[in-house]
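Read through the structure below, which is laid out as structure tokens, and then see the notes.
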Amino acid sequence: MMSAPPFPAPGTTPIVCVSAASKSFHTPDGRLVEALKAVSLDIPAGRFTTLLGPSGCGKTTLLRLIGGFEEPTGGGIFIDGKLMEGIPAHHRPTNTVFQHYGLFPHLTVAGNVAYGLEIAKVPKAEIRQRVAEALEMVRLPGMETRKITQLSGGQQQRVALARALVLRPKILLLDEPMAALDRKLRKEMQTELKRLQHELGIAFLCVTHDQEEALSMSDLVVVMNRGQIEQQGTPRQIYDQPETEFVAGFVGEISLFRGRIVGDSLQTEAGTTLLIDALASPPDQPVTACLRPEKLALAKPDSTTPLLHGTVRDATYLGTSTRLEVSLGNSEGGMSDTVIATLHGDSPAIGQPITLTYSPADVRLLRHQG
Ligand SMILES: Nc1ncnc2c1ncn2[C@@H]1O[C@H](COP(=O)(O)OP(=O)(O)OP(=O)(O)O)[C@@H](O)[C@H]1O
Ligand SMILES: [Mg+2]
């Protein structure tokens with residue numbers, strides 16, 4: 001199986017190095033929660049990195065350790081090569097946009113954006129100029145005197161961004177920045193965030209549990225699960241080359257096949273034979289393989305690629321494609337595997353027989369997890 005080139009390219013200096021960082025919490029009822037378990041991660045300078053994972057996997061905790069709102073219980077955080085131990089949030093070259101923005105409702109837009117600069121005793125004329133620049137950056141020019149309560153959700157989000165960016169951090173931390181916005185506004189802000197990151201050239205580290213958002217915005221996606229990193233890579237690597245069942249299932253839809261390698265194919269217990277790339281075959285042992293729905297196609301009479309015979313169990317019309325759930329093999333009782341396929345054009349109706357085809361190169365073997 002061909003692997004995409006590593007990212008970031010070897011030799012690139014990371015802006016943040018998380019070195020075996022752990023964080024445990026004592027809950028009020030005396031339990032110990034291991035929110036992060038010896039996580040190591042390099043965050044590239046000047047790129048858009050996303051922490052992606054389900055609720056409770058430790059994304060916010062990792063962000064808070066980097067931002068200096070929390071100290072690790074083990075390991076360390078280095079920013080720009082410097083150990084951050086004991087350095088409070090406001091002395092770190094980071095700035096954070098929180099989920100609910102944390103804007104001051106009694107201040108104007110300018111008052112909110114200027115806040116950090118005033119604390120830092122920046123001269124008044126410079127503050128005025130930098131606030132105007134920051135508002136320009138987030139496309140809210142001339143909004144200085146507006147009250148926060150007179151702004152829409154999307155505008156408040158932009159003010160929160162301006163307030164963080166006006167301090168010129170080396171890294172901007174964003175915790176679910178789009179969570180409070182509706183779907184259409186989310187899409188707009190995704191494009192906007194990407195543009196901002198690109199224009200400013202500083203590192204953005206963004207937390208989300210939305211896989212589509214992670215894939216569309218990021219240069220690097222870090223998939224987390226239960227306080228650990230499952231996999232990191234470019235969006236394409238994460239989508240096309242998932243290494244674990246967790247990543248395969250969390251990022252987009254996928255069909256899984258469990259079985260044993262026999263020769264150049266995987267044989268499942270239910271009797272499905274799935275041809276795989278011979279080079280990728282490990283010796284006889286239980287394996288799990290996966291196949292993305294869009295990698296399957298309706299077989300033509302002259303198809304030379306391997307075939308899967310089955311029966312359509314469910315069909316959902318999605319506009320540009322149809323999503324099919326197909327029971328493989330003999331549908332009359334007994335075990336059968338299910339494969340999901342998204343097809344373009346006509347497809348058989350529910351209950352009809354179907355023959356699908358795929359390329360063995362698209363079948364991916366997953367790392368076995370104990
Ligand atoms: N202050 C705390 N005290 C006790 N437990 C905590 C504390 N902060 C976080 N945890 C626990 O640590 C784990 C990770 O929490 P964290 O907030 O980092 O998750 P998350 O990935 O950001 O989730 P979400 O997507 O829901 O925001 C959870 O089990 C959470 O309950
Ligand atoms: Mg969180």
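All ligand and atom numbering here is 1-based and tracks the order in the structure.
- Under the 4.5 Å side-chain criterion, counting only non-hydrogen atoms from C-beta, Leu365 is in contact with Leu266.
- Leu52 and Leu193 fall into different hydrophobic clusters, defined by Ile, Leu, Val, Met, Phe, Trp and Tyr side-chain heavy atoms under 4.5 Å apart, directly or through other members.
- Proximity to Thr60 (heavy-atom distance under 4.0 Å) selects the following atoms of ligand 1: 17 (O), 18 (O), 20 (P), 22 (O), 27 (O).
- Side chains of Met189 and Pro177 form no contact here, defined as non-hydrogen atoms less than 4.5 Å apart.
- Taking only nitrogen or oxygen atoms, main chain and side chain alike, Val33 does not reach within less than 3.5 Å of ligand 1.
- Within the cation-pi definition used here (under 6.0 Å to the ring centroid, within 45° of the axis), Arg163 does not qualify as a partner of Tyr101.
- Within 4.0 Å of atom 13 (C) of ligand 1, at least one protein heavy atom is present.
- Between Phe98 and Phe69, the two ring planes are perpendicular [angle over 60°; tilted spans 30° to 60°].
- A salt bridge is absent between Asp80 and Lys82; no separation between the charged side-chain nitrogens and carboxylate oxygens falls under 4.0 Å.
- Taking 4.0 Å as the cut-off, Gly53 does not count as a neighbour of ligand 1 on heavy-atom distance.
- Classification of Glu133 and Arg130 as a salt-bridged pair fails, no side-chain N sitting under 4.0 Å from a carboxylate O.
- Within a 4.0 Å radius of atom 25 (O) of ligand 1, the protein has at least one heavy atom.
- Here Ser55 does not reach the Mg ion (ligand 2): none of its N/O/S atoms is less than 2.8 Å from the metal.
- Of the polar atoms of Phe25, none of the N or O atoms is found under 3.5 Å from an N or O of ligand 1, judged by distance alone.
- Below 3.5 Å of separation, one finds an N or O of Thr61 facing an N or O of ligand 1.
- Among protein heavy atoms, the minimum distance from atom 23 (O) of ligand 1 is reached at Gly56 N, 2.7 Å.
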